[in-house]
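Here is the structure we will look at.
Values below: every heavy atom of this structure, side chains too, minus hydrogens, waters and symmetry copies. Below, chains carry the letters A, B, ... as their sequence lines are ordered, and counting in each starts from 1.
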2 protein chains.
Amino acid sequence: MSEYRTYLDLNGNPIVNTNKIKILETAIDLFSRKGYSGVSIREITREVGIKESSLYNHFASKEELLGVIFLNFRRAIGEILLPPEMLRGALKQMIAEQFLQQGVINFKAHIDDPINARIWRIVTIEQYRDPLARSILVEDIIQRTLSFLESAFALMIEQGAVKPHPPKLLAAEYQYPLFGMITEYNLQKYLDQDTSAIEQSMADHIEFFLSHVRTA
Amino acid sequence: MSEYRTYLDLNGNPIVNTNKIKILETAIDLFSRKGYSGVSIREITREVGIKESSLYNHFASKEELLGVIFLNFRRAIGEILLPPEMLRGALKQMIAEQFLQQGVINFKAHIDDPINARIWRIVTIEQYRDPLARSILVEDIIQRTLSFLESAFALMIEQGAVKPHPPKLLAAEYQYPLFGMITEYNLQKYLDQDTSAIEQSMADHIEFFLSHVRTA
DNA sequence: GTCTATAGGAGGATAGAC
DNA sequence: GTCTATCCTCCTATAGAC
């Protein structure tokens, strides 16, 4: 169990009870491997070391438990991207290359946290069954990243750092390969496989992309 | 139910019994929406209109049912890509653009079949729980496509149609965006949403890619 | 090949004592 | 906040008649 992470409940209050945190993290682990429907309350509480009935003192239902997991993931995702109002300032201080590399570093810090990686997998597994999982995937991950990058590339073009392609096209060309590679990265991490090849592919992609769009 | 599709059982024999086919297609539909663990034998047989016990006359277990679904999906996937021995001949008759566009047409024919789209979603859902789903995703979809494209780009370079980048890099740059976009396409189809934007993104990607790598 | 009947366990969830 | 005890439903799977 991660010692220093804080979780919020549905009212936005920090969760302090040790068993409640244990339930959350055990559920995250099991859901990410077997899916929500493949895991029973019984299995979670057995692993935590409490009785089934005790879980209901912390969460009203199995579904609420998943809801709290997703709520906290939304918070964590929010920290990957720079706030839009800081975009212009950041791009004044960095060249395009640095800016994009910093984005990858931020993302890597996020996904290399085992808890985040697990919830990312839960979102993938549950996207067709659960509307909340789906909205996290579509709105918080895909759309948010693409529109952030669209603004960033528009600014880079304004600065003359990048050739004047449509910013939306640049965002898609830059990000979609990374989405595909992240899926693979996440699966390899799950299997404890070596991820150096796919990480190299990510780096190669950024280099290939920039070599064709930068003005310098 | 699709009238003309044929399914094979685990021994490679065609499945002719109507109820057995109904069970398969009902299971495909339900698994693709709720996941394997989220669907019961009871639910499947209720929809088919038979008793639970009758299902076991056709499939030894729920797991075997999923196994037969995956077996038939492997066959269907095999038809997307050109056999490697026909690659050289095809590239003599087509320019790079035509060749890649034909690939997208082939793939679109595959994924626009509702049954294939559903099994594609089952594979996504079950990739962490089920080793067979995982091997379909990694070996039959990702690796097979990338190594096919690597050969194709190597030939295009040989023919002078494409600039001499490493073929593996070209394959990754070409295909990973499509993987990402297919995920989105498949989700939008599931939600009966308009897919024209993401389809346009696929076309834009191919054009963007070719404009930077073709020699002409 | 489909049925009725049933086994035997696992599922989510609650009541009430401490 | 955790426990024991319990509810009732749903689960996969089998036996045996027709």
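Taking every side-chain heavy atom of A:Asn17 into account, D:dG1 is the closest of D:dC3, C:dT2, D:dG1.
Residue A:Phe107 forms a ring-ring contact (aromatic ring centres under 6.0 Å, His included) with just one option from A:Phe148, A:Trp120, A:Tyr185, and that option is A:Trp120.
Within the structure, side-chain hydrogen bond (donor to acceptor under 3.5 Å, both in side chains) contacts touching residues 48-61 of chain B (residues at least two apart or in different chains) are B:Arg42-B:Glu52. Pairs engaging residues 13-53 of chain B under the ring-ring contact (aromatic ring centres under 6.0 Å, His included) rule: B:Phe31-B:Tyr36 [sequence neighbours left out].
In this structure, B:Asn57 atom CG and D:dA15 atom C1' are separated by 13 Å, rounded to whole Å. When the C1' atom of D:dT4 is taken as reference, atom CD1 of A:Ile50 falls 15 Å away, rounded to whole Å. Rounded to whole angstrom, the span from the NZ atom of B:Lys51 across to the C1' atom of D:dA15 amounts to 17 Å. Rounded to whole Å, the distance from CZ on A:Phe59 to C1' on D:dT2 is 15 Å. Straight-line distance from the NE2 atom of A:His58 to the P atom of D:dC3: 10 Å, rounded to whole Å.
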Please list, one pair per line, the donor and acceptor atoms closer than 3.5 Å that link side chains of residues 68-79 of chain A to other protein atoms, with sequence neighbours excluded.
{"from": "A:Asn72", "atom 1": "OD1", "to": "A:Leu8", "atom 2": "N", "distance (Å)": "2.7"}
{"from": "A:Asn72", "atom 1": "OD1", "to": "A:Arg75", "atom 2": "NH1", "distance (Å)": "2.9"}
{"from": "A:Asn72", "atom 1": "ND2", "to": "A:Leu8", "atom 2": "O", "distance (Å)": "2.9"}
{"from": "A:Asn72", "atom 1": "ND2", "to": "A:Val68", "atom 2": "O", "distance (Å)": "2.8"}
{"from": "A:Arg74", "atom 1": "NE", "to": "A:Asp140", "atom 2": "OD1", "distance (Å)": "3.3"}
{"from": "A:Arg74", "atom 1": "NE", "to": "A:Asp140", "atom 2": "OD2", "distance (Å)": "2.9"}
{"from": "A:Arg74", "atom 1": "NH2", "to": "A:Ser135", "atom 2": "OG", "distance (Å)": "2.7"}
{"from": "A:Arg74", "atom 1": "NH2", "to": "A:Asp140", "atom 2": "OD1", "distance (Å)": "3.2"}
{"from": "A:Arg75", "atom 1": "NH1", "to": "A:Thr6", "atom 2": "O", "distance (Å)": "3.4"}

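Residues that satisfy the side chain to side chain donor-acceptor pair (under 3.5 Å) test with B:Lys189, not counting sequence neighbours, are B:Asp112. Listed by chain and number, the residues in a side chain to side chain donor-acceptor pair (under 3.5 Å) with A:Asp194 are A:Ser196 (sequence neighbours excluded).
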Polar pairs (N or O, both sides) under 3.5 Å between protein and nucleotides 11-13 of chain C?
{"from": "C:dG11", "atom 1": "OP1", "to": "A:Ser40", "atom 2": "OG", "distance (Å)": "3.1"}
{"from": "C:dG11", "atom 1": "OP2", "to": "A:Ser40", "atom 2": "OG", "distance (Å)": "3.4"}
{"from": "C:dG11", "atom 1": "N7", "to": "A:Arg42", "atom 2": "NH1", "distance (Å)": "2.8"}
{"from": "C:dG11", "atom 1": "N7", "to": "A:Arg42", "atom 2": "NH2", "distance (Å)": "3.3"}
{"from": "C:dG12", "atom 1": "OP1", "to": "A:Ile41", "atom 2": "N", "distance (Å)": "3.4"}
{"from": "C:dG12", "atom 1": "OP1", "to": "A:Lys62", "atom 2": "NZ", "distance (Å)": "3.1"}
{"from": "C:dG12", "atom 1": "OP2", "to": "A:Ile41", "atom 2": "N", "distance (Å)": "2.8"}
{"from": "C:dG12", "atom 1": "O6", "to": "A:Arg42", "atom 2": "NH2", "distance (Å)": "3.1"}
{"from": "C:dA13", "atom 1": "OP2", "to": "A:Tyr56", "atom 2": "OH", "distance (Å)": "3.1"}
{"from": "C:dA13", "atom 1": "OP2", "to": "A:Lys62", "atom 2": "N", "distance (Å)": "3.1"}

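At C:dC3, one or more side-chain N or O atoms of B:Ser54 fall inside 4.0 Å of OP1 or OP2 (strictly under the cut-off).
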